[in-house]
Amino acid sequence: MSYWLLKSEPSELSISDLAGRPARTESWDGVRNYQARNILRDGMRVSDLAFFYHSSCAEPGIVGIVQVASAAYPDPTQFQADHKHYDPDSKPADPRWWLVDVQLVRKLKRTISLTELKGHPELAAMPLLRKGNRLSVMPVSAAEWDCILRLE
DNA sequence: GCCAACGTTGGC
DNA sequence: GCCAACGTTGGC
């Protein structure tokens, strides 16, 4: 089993939005970065766990845990001409963008903020904490995962 | 293949 | 709103 971190702007999808859904699931569409795409498509497996991270908001940080609920499949929004994530160069026979479904496992008891995460040297190698890094889907090591959960 | 221009991300 | 950092595009 592997661990991951997924960023979401709460104005697009917050942890509370996810918690309010009947099946507490979301199709993680809209990823339009090749590195993130490769991680989604080639790295993630059903039942892997991921931190849910709020970005571009008042208190950026980790707010919950989700579980990968499907294998990767083509992101349907890339073929929808009226969709903001439409990609006219992607063809159904050879899809460029992929996604997985995720399901909420639980909210954390509190937000573990970006500021707090930066204060722990054992987390310094996380892409999340590296200056200028904008990756929205990234791996988390087992040691980092355990370390962050102990902060809760 | 180089690189300037541009668009996006995301913290502050 | 600002701006640093990064990815993508497209001319040459």
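Please read all numbers here as calculations on a predicted model, not as lab measurements.
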Quiz item: Could you run down nucleotides 5-12 of chain B 5' to 3' and tag each one B, S or - for protein heavy-atom contact under 4.0 Å?
Solution: --BBBBSS
Quiz item: Going by heavy atoms in the side chains, are A:Pro95 and A:Tyr73 under 4.5 Å from each other?
Solution: no
Quiz item: How would you list, by chain and number, every residue that makes a ring pair (Phe, Tyr, Trp, His ring centres under 6.0 Å) with A:Tyr3, sequence neighbours excluded?
Solution: A:Trp145
Quiz item: Taking the six-membered ring for Trp, are A:Tyr86 and A:Trp97 ring centroids under 6.0 Å apart?
Solution: no
Quiz item: Would you say A:Met44 and A:Ile62 are hydrophobically clustered, going by side-chain heavy atoms of ILVMFWY under 4.5 Å?
Solution: yes
Exercise. State, without any angle test, whether A:Asp101 and A:Thr25 hold a side-chain donor-acceptor pair at a distance under 3.5 Å.
Key: no
